[in-house]
Amino acid sequence: CGHSNCGAMQAIFKDEKEFDNMPHLRDWLRLAMPVKKMLERYCPNAHGESRQRIAEEENILAQLQNIQTYPFVAQALKKGEIYLHGWYYNIETGSVCAYNPKKDMFEEIGNPCH
């Protein structure tokens with residue numbers, strides 16, 4: 001589950017040197033670096049709120065992929081013992097969007113998300 005106004009997604013666009021005195025935070029932010037690279041490659045003109053929202057949603061998808069690299073998670077998925085869901089929580093409105101892999105988009109639970 002990711003959320004709007006995510007400080008981590010804002011931080012990935014800052015100079016990594018800003019976090020030299022915070023090595024644990026810097027290391028944690030590195031997990032989201034593929035999101036930054038994807039945005040720079042595929043959405044170079046995205047800025048402001050648009051870039052923020054794309055980063056937040058793409059981070060949810062990246063972390064869904066990341067968690068599947070854990071052997072016990074991959075095994076449980078294969079056996080159908082667990083299911084993974086990507087959710088996006090909009091703090092301002094209280095709405096929750098779920099990732100729909102068939103449509104490759106986030107949809108508000110019960111209503112259109114955007």
Side-chain angles (χ1 to χ4, degrees):
C1 184
H3 61 87
S4 61
N5 300 318
C6 179
M9 293 302 98
Q10 293 170 9
I12 63 171
F13 295 100
K14 294 182 178 182
D15 187 342
E16 196 172 316
K17 292 178 184 178
E18 288 186 41
F19 305 106
D20 281 348
N21 293 329
M22 298 175 269
H24 298 293
L25 177 60
R26 183 189 61 230
D27 292 345
W28 184 74
L29 288 173
R30 285 186 181 143
L31 292 173
M33 281 302 131
V35 172
K36 178 182 178 181
K37 292 179 194 251
M38 186 282 304
L39 276 160
E40 290 172 345
R41 182 174 181 182
Y42 296 107
C43 305
N45 297 321
H47 297 286
E49 289 180 23
S50 175
R51 180 176 78 171
Q52 180 74 17
R53 177 69 183 251
I54 294 167
E56 292 161 352
E57 290 182 355
E58 288 299 326
N59 187 54
I60 294 165
L61 301 179
Q63 299 317 316
L64 281 172
Q65 289 179 343
N66 183 48
I67 199 167
Q68 292 179 62
T69 66
Y70 290 82
F72 68 93
V73 173
Q75 183 179 19
L77 282 168
K78 187 175 180 181
K79 290 180 179 179
E81 296 173 342
I82 64 168
Y83 301 94
L84 299 178
H85 303 275
W87 288 9
Y88 178 84
Y89 175 63
N90 187 315
I91 293 171
E92 295 82 17
T93 66
S95 65
V96 176
C97 299
Y99 179 68
N100 181 336
K102 291 179 182 176
K103 295 182 179 179
D104 190 27
M105 63 184 290
F106 284 84
E107 298 177 316
E108 187 171 343
I109 295 174
N111 297 305
C113 193
H114 298 284

Item to check | Heavy-atom closest pair, residues Ile12 and Leu29 | outcome: CG2-O, 4.1 Å

Checklist entry - Under the side-chain contact (heavy atoms from CB on, under 4.5 Å) test, which residues partner His47, sequence neighbours left out? => result none

Checklist entry - Are Met33 and Leu25 connected in the hydrophobic side-chain network, where two residues link if heavy atoms are under 4.5 Å apart? => result yes

Checklist entry - For atom CG of Asn21, is the number of surrounding heavy atoms from other residues, nucleotides or ligands below 6.0 Å larger than 12? => result no

Checklist entry - So among Arg53, Glu92, Glu49, which one has a side chain to side chain contact (heavy atoms under 4.5 Å, CB included) with Ser4? => result Glu92

Item to check | Pairwise side-chain contact, Phe106 with Leu61, heavy-atom cut-off 4.5 Å (strictly under) | outcome: yes

Next on the checklist: Would you say Trp87 ends up clustered with Val35 if hydrophobic residues are merged whenever their side chains have heavy atoms under 4.5 Å apart, either directly or through other cluster members?
Outcome noted: no

Checklist entry - Quick check: are there more than 12 heavy atoms from other residues, nucleotides or ligands sitting under 6.0 Å from CD of Glu81? => result yes

Checklist entry - Under 4.0 Å between a Lys/Arg side-chain N and an Asp/Glu carboxylate O for Asp27 and Arg30? => result yes

Checklist entry - Atom CD of Glu18 and atom CG of Asp20: how far apart are they, to the nearest 0.5 Å? => result 9.5 Å

Next on the checklist: With a 4.5 Å cut-off on side-chain heavy atoms, are Cys6 and Gln52 touching?
Outcome noted: yes

Checklist entry - Glu108 and Ser95: which non-hydrogen atoms are nearest, and at how many Å? => result OE2-CB, 3.3 Å

Item to check | Common cluster, Tyr88/Ile67, ILVMFWY with side-chain heavy-atom separation under 4.5 Å | outcome: yes

Checklist outcome for this item: Scanning both residues in full, the closest heavy-atom pair of Tyr89 with Val96 reads CD1-CG2, 3.8 Å

Checklist outcome for this item: Residue set satisfying side-chain contact (heavy atoms from CB on, under 4.5 Å) with Lys103, at least two apart, ordered chain then number -> Asn100, Met105, Glu107

Next on the checklist: Using every non-hydrogen atom in the two residues, find where Tyr83 and Leu77 come nearest and quote the distance to one decimal.
Outcome noted: CA-CD2, 4.2 Å

Checklist entry - About how many Å separate NZ of Lys36 and CG of Asn59, when rounded to the nearest 0.5 Å? => result 14.0 Å

Checklist entry - Do Tyr99 and Asp104 pass the side chain to side chain contact (heavy atoms under 4.5 Å, CB included) test, and can you show the C-alpha distance, the side-chain angles, and the key distance before you say yes or no? => result CA-CA 7 Å; Tyr99 179 68; Asp104 190 27; 2.4 Å; yes

Checklist entry - Rounded to the nearest 0.5 Å, how far does CZ of Arg41 lie from NZ of Lys37? => result 12.0 Å

Checklist outcome for this item: Applied to residues 68-79, the side-chain hydrogen bond (donor to acceptor under 3.5 Å, both in side chains) test, sequence neighbours excluded, yields none

Checklist entry - Taking the side chain from Glu56 and the backbone from Met9, do they hold a donor-acceptor pair closer than 3.5 Å? => result no

Item to check | For Met38 against Ile54, the heavy-atom pair lying closest together | outcome: CE-CG2, 4.5 Å

